[in-house]
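Ligands are counted one by one from 1 in listed order, and the atoms in each one are counted from 1 as well. Just so it is clear, the structure is predicted and the values come from calculations on it, not from any experiment.
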Amino acid sequence: KLLDDAKKLAGYRAVEDNVKNGQRVGIGSGSTVKYVVDKIKELGYTDCICVPTSFQSRQLIIEAGLKLSDLSITPELDITIDGADEVDQHFNLIKGGGGCQLQEKIVAHASKELVIVADYSKDSVEFGQNWKKGIPIEVHPMAYVPIIKQLSQAPFNLKATLRMAVNKAGPVVTDNGNFVLDATFQSLNSQHEIEKLNVQLKMIPGVVEHGLFINMTKKVYFGQTDGTIKLRS
Ligand code: DER
């Protein structure tokens with residue numbers, strides 16, 4: 001309940017502060033973003049044009065009766081509001097807890113601004129301080145075994161495991177038909193190392209996208225348990 005209220009606080013305030021009726025809005029994925037859509041609807045912003053980042057996000061837009069579009073029709077967005085699994089003091093994000101990182105990063109990249117909404121549990125100083133499940137890496141199914149092997153070696157030294165589904169036999173299959181690896185790391189204690197990894201991961205054939213969102217946002221709303229909001233910007 002406390003956590004949910006914190007998510008709601010962040011989602012509502014981010015919309016109140018940043019969205020105007022008629023804007024082209026990227027809608028992220030996850031549980032916090034649900035409140036973003038609720039607030040857009042509540043404010044009656046029926047002229048907003050909304051682009052989803054997953055089947056879940058698309059359903060939220062449709063069920064709220066908001067205008068649905070896609071990047072083919074609306075290739076440039078004014079703002080994307082999305083959740084995160086962790087945000088460190090340098091605005092490095094770990095995303096992909098919900099397995100939606102590919103479309104989230106594409107839509108964020110197509111936006112003039114990315115605003116993150118999160119509950120207090122995502123608020124970190126050091127990278128990897130709170131989120132211990134590793135970096136989500138979306139991979140083509142044919143290559144997951146060789147990629148796990150390559151990730152275990154230098155220069156990565158990551159322990160990657162295939163994300164298995166809970167309500168389906170076998171691995172999680174993303175909205176794009178790919179698998180997800182969760183890659184835990186010992187220490188990534190410099191911005192330089194994080195930025196290097198951000199690029200190196202994408203160079204591995206078969207890696208489609210990953211959940212490191214580096215230098216993509218400058219504004220994060222953290223909902224607190226006491227009804228307040230902590231804004232990092
Ligand atoms: O998958 C993602 O990147 C989502 O944004 C997600 O990790 C945030 O999830 P939450 O809002 O349900 O905590």
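Interface atoms of ligand 1 facing Gly83, defined by a heavy-atom separation under 4.0 Å, are 5 (O). Ligand 1 places these atoms under 4.0 Å from at least one heavy atom of Asp82: 5 (O). Shown in contact with Lys122 at under 4.0 Å from a heavy atom are these atoms of ligand 1, numbered in order with element: 10 (P), 13 (O). Proximity to Lys7 (heavy-atom distance under 4.0 Å) selects the following atoms of ligand 1: 10 (P), 12 (O), 13 (O). Shown in contact with Lys95 at under 4.0 Å from a heavy atom are these atoms of ligand 1, numbered in order with element: 2 (C), 3 (O), 4 (C), 5 (O).
Here Glu42 pairs with Lys39 in a salt bridge; the nearest charged N to carboxylate O distance falls below 4.0 Å.
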- Are Asp38 and Lys34 close enough, and set up right, to give a salt bridge (charged side-chain N to carboxylate O under 4.0 Å, His left out), and what steps lead you there? CA-CA 6 Å; Asp38 289 351; Lys34 176 195 168 314; 2.7 Å; yes
- Item | Pair Arg24-Lys112, side chain to side chain contact (heavy atoms under 4.5 Å, CB included): steps then yes or no | CA-CA 10 Å; Arg24 302 159 299 177; Lys112 290 178 190 158; 3.4 Å; yes
- List the steps and the verdict of salt bridge (charged side-chain N to carboxylate O under 4.0 Å, His left out) for Glu209 and Lys202. CA-CA 7 Å; Glu209 195 45 88; Lys202 291 292 287 286; 3.0 Å; yes
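Of all protein heavy atoms, the one closest to atom 10 (P) of ligand 1 is Ser31 OG, 3.4 Å. Distance from atom 11 (O) of ligand 1 to its nearest protein heavy atom, with residue and atom name: Thr32 OG1, 2.8 Å.
When only modelled atom types and interatomic distance are considered, Asn18 and Gln23 share no side-chain donor-acceptor pair under 3.5 Å. Side-chain atoms of Gln101 and Glu138 include a donor-acceptor pair closer than 3.5 Å.
Selection from Ala84, Gly96, Gly30, Gly28 by nearest heavy atom to atom 3 (O) of ligand 1 gives Gly96.
Side-chain atoms of Gln191 and Asn92, non-hydrogen and from C-beta on, do get closer than 4.5 Å to each other.
By the criterion of a heavy-atom distance under 4.0 Å, the backbone of Ser29, and not its side chain, is placed next to ligand 1. Contacts between Val117 and ligand 1 below 4.0 angstrom, taking non-hydrogen atoms only, are absent altogether.
For ligand 1, the polar-atom distance check against Asp85 finds a nitrogen or oxygen pair separated by under 3.5 Å. Annotation: Gly98 places an N or O atom under 3.5 Å from an N or O atom of ligand 1; distance criterion only.
The 12-atom threshold is not exceeded at NZ of Lys218, counting heavy atoms of other residues, nucleotides or ligands nearer than 6.0 Å.
Using a 4.0 Å cutoff on heavy atoms, Gln101 does not count as a contact of ligand 1.
The ring pair (Phe, Tyr, Trp, His ring centres under 6.0 Å) search around Tyr35 returns none, not counting sequence neighbours.
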